[in-house]
Protein chains: 2
Amino acid sequence: MIKLRDTDAGVGATNKRNILQAAEKCFAQFGFKGTAVQKIADEAKLPKTNVLYYFKTKQELYVAVLEETLSLWNSHFDRATVDDDPAEVLAAYITEKMEVSRTHPQASKIFAMEIINGAQNLTGYFDEEHAKWMEGRLALIDQWIEVGKLPQLDGEYLLYTIWASTQHYADFSAQITRLRGRKMIKADFETATRQLIQLVLGGCNLPVPSRYIENIDVE
Amino acid sequence: MIKLRDTDAGVGATNKRNILQAAEKCFAQFGFKGTAVQKIADEAKLPKTNVLYYFKTKQELYVAVLEETLSLWNSHFDRATVDDDPAEVLAAYITEKMEVSRTHPQASKIFAMEIINGAQNLTGYFDEEHAKWMEGRLALIDQWIEVGKLPQLDGEYLLYTIWASTQHYADFSAQITRLRGRKMIKADFETATRQLIQLVLGGCNLPVPSRYIENIDVE
DNA sequence: CAATTTTTTGACCAAATGGTCTACTTTTCT
DNA sequence: AGAAAAGTAGACCATTTGGTCAAAAAATTG
């Protein structure tokens with residue numbers, strides 16, 4: 001009998017998770033070429049050879065990290081339909097994406113660098129799934145326009161604006177931190193989120209759902 | 001007499017420009033660590049030693065390239081005053097930034113990677129000038145709000161949104177190209193620019209200046 | 001317990017790469 | 001023309017680094 005160990009427990013799985021986490025940190029900070037396997041090993045407190053035991057090559061480890069970050073693209077927007085309210089859906093989408101930027105900035109940075117460098121490692125799966133997803137979402141936006149829930153606009157550029165504006169807070173955090181003199185904390189993200197929602201929905205002639213309006217200065 | 005040659009002509013200056021251009025191309029595609037000096041030399045069609053003759057170290061060359069990209073940040077927005085119309089100023093600013101993304105995508109990518117990696121090479125000058133610039137622009141936005149030309153909003157997040165949304169078309173071009181199946185051409189940039197202006201100004205409750213409204217489908 | 005598989009490690013290697021040294025050629029200046 | 005400065009270029013070197021190997025240790029299995 002051959003025993004395939006596919007459990008998440010055990011020494012192997014623990015080490016793998018450990019290595020992936022260390023790798024994510026390093027790749028986000030120094031990029032693929034800038035990260036030495038030795039560095040990842042140090043970060044994971046393992047000898048380098050041990051890292052190469054779990055991931056045969058640095059590239060394989062990088063792709064594994066990259067693939068983990070792709071799961072962050074999932075959101076409720078994926079399953080919205082024409083019956084939903086675009087104001088609610090878009091506001092929620094922006095909120096979710098801002099939350100990813102706040103809680104997973106490293107993953108966002110790795111993804112950004114991968115794209116900037118030509119997305120050589122994002123072939124196959126991501127390409128197809130992502131394009132398919134895009135197609136579906138653009139169709140939904142067109143439906144919203146048809147039924148009068150949205151003004152005439154190009155969904156493509158709307159989505160790019162949302163991606164860019166939300167991911168910016170993760171990817172460009174170094175610039176933001178220097179400009180403000182301090183790191184953005186959770187409260188700052190909430191303000192930024194509120195304002196971004198106001199801007200995007202306003203730009204789409206949509207009313208901002210009350211839940212996304214600051215309820216502090218109401219006197 | 002010592003003659004300091006500071007002209008832009010001459011073999012030296014030509015070579016320097018040549019090298020800087022080759023370096024920009026390489027750094028944008030492979031990042032700092034990922035770019036070998038030999039590669040830049042090949043691109044510039046010069047022996048590696050010759051490159052190191054003009055720029056003592058790879059780092060020095062990189063910083064030189066980086067500093068050139070900073071000039072792209074200059075815009076008419078820099079000299080706007082409270083007497084100007086924010087709708088006009090912001091629309092022009094977005095247009096200028098989109099044009100930079102279209103015509104200098106490599107510079108934008110290098111800048112983006114530098115920030116993502118912590119902006120270690122953007123100390124001193126950029127830090128100070130940039131922070132000072134930001135301070136002035138935020139003050140201007142606040143003045144606009146005071147005189148009722150703009151609704152209550154946080155200028156900081158507004159500027160981040162503009163930067164993010166415009167630079168996105170340069171930095172993430174690989175993703176965009178794959179999603180659409182072809183590269184964005186000038187006409188696409190114009191459409192994207194128009195829509196981004198509409199979104200941002202709409203989000204600020206500003207009317208879009210007629211000049212920025214598509215004048216094709218007017219029947 | 002013995003056999004087998006999985007995991008851990010240090011020693012080592014070949015390729016890539018940033019940078020130096022030295023010598024030669026070309027240009028510029030007086 | 002002749003000296004000095006600027007530019008070109010091959011040979012070379014030390015370091016870094018991705019990856020291999022073999023051997024030992026630990027865990028698992030029959």
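No experiment lies behind these values; they were computed from the predicted model shown.
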inquiry  = Using OP1 and OP2 only, check whether a side-chain N or O of Y54(A) sits under 4.0 Å from dT6(C).
reply    = no

ask   = On the ring face of F30(A), is K33(B) found with NZ or CZ under 6.0 Å from the centre and within 45° of the axis?
value = no

message = A cation-pi test, strictly: NZ or CZ of R137(B) under 6.0 Å from the centre of the six-membered ring of F77(B) and no more than 45 degrees from its axis. Yes or no?
response = yes

message = K48(B) vs Y53(B), test: side chain to side chain contact (heavy atoms under 4.5 Å, CB included). Steps then yes/no.
response = CA-CA 9 Å; K48(B) 186 180 70 165; Y53(B) 170 73; over 6 Å; no

Report all interatomic pairs (protein N or O, nucleotide N or O of nucleotides 16-20 of chain D) with separations under 3.5 Å.
from	atom 1	to	atom 2	distance (Å)
dG18(D)	OP1	T35(A)	O	3.3
dG18(D)	OP1	K58(A)	NZ	3.0
dG18(D)	OP2	V37(A)	N	2.9
dG18(D)	N7	K48(A)	NZ	3.1
dG19(D)	OP2	K58(A)	N	2.8
dG19(D)	N7	K48(A)	NZ	3.1
dG19(D)	O6	K48(A)	NZ	2.8

task = Look at the aromatic rings of Y160(A) and W163(A) and report parallel, tilted or perpendicular, splitting at 30° and 60°.
result = tilted

inquiry  = Heavy atoms from C-beta onward define the side chain here; which of dT8(C), dT8(D), dT9(C) lies closest to that of P47(A)?
reply    = dT9(C)

task = Starting from the first five and the last five pairs of the helix from dC1(C)-dG30(D) to dT30(C)-dA1(D), work out the angle between the resulting helix axes, to 10 degrees.
result = 10°

task = Please check if the side chain of S75(A) supplies one atom and the backbone of Y93(A) the other of a donor-acceptor pair under 3.5 Å.
result = no

ask   = Under the side chain to side chain contact (heavy atoms under 4.5 Å, CB included) criterion, do L70(A) and F111(A) qualify, and how do the steps go?
value = CA-CA 8 Å; L70(A) 294 186; F111(A) 180 80; 3.9 Å; yes

ask   = Given dT8(C), is OP1 or OP2 found less than 4.0 Å from the side-chain N or O atoms of Y53(A)?
value = no

inquiry  = Whether N50(B) contacts dG7(D) is assessed here as follows: a side-chain N or O lying under 4.0 Å from the phosphate OP1 or OP2. Is that the case?
reply    = no

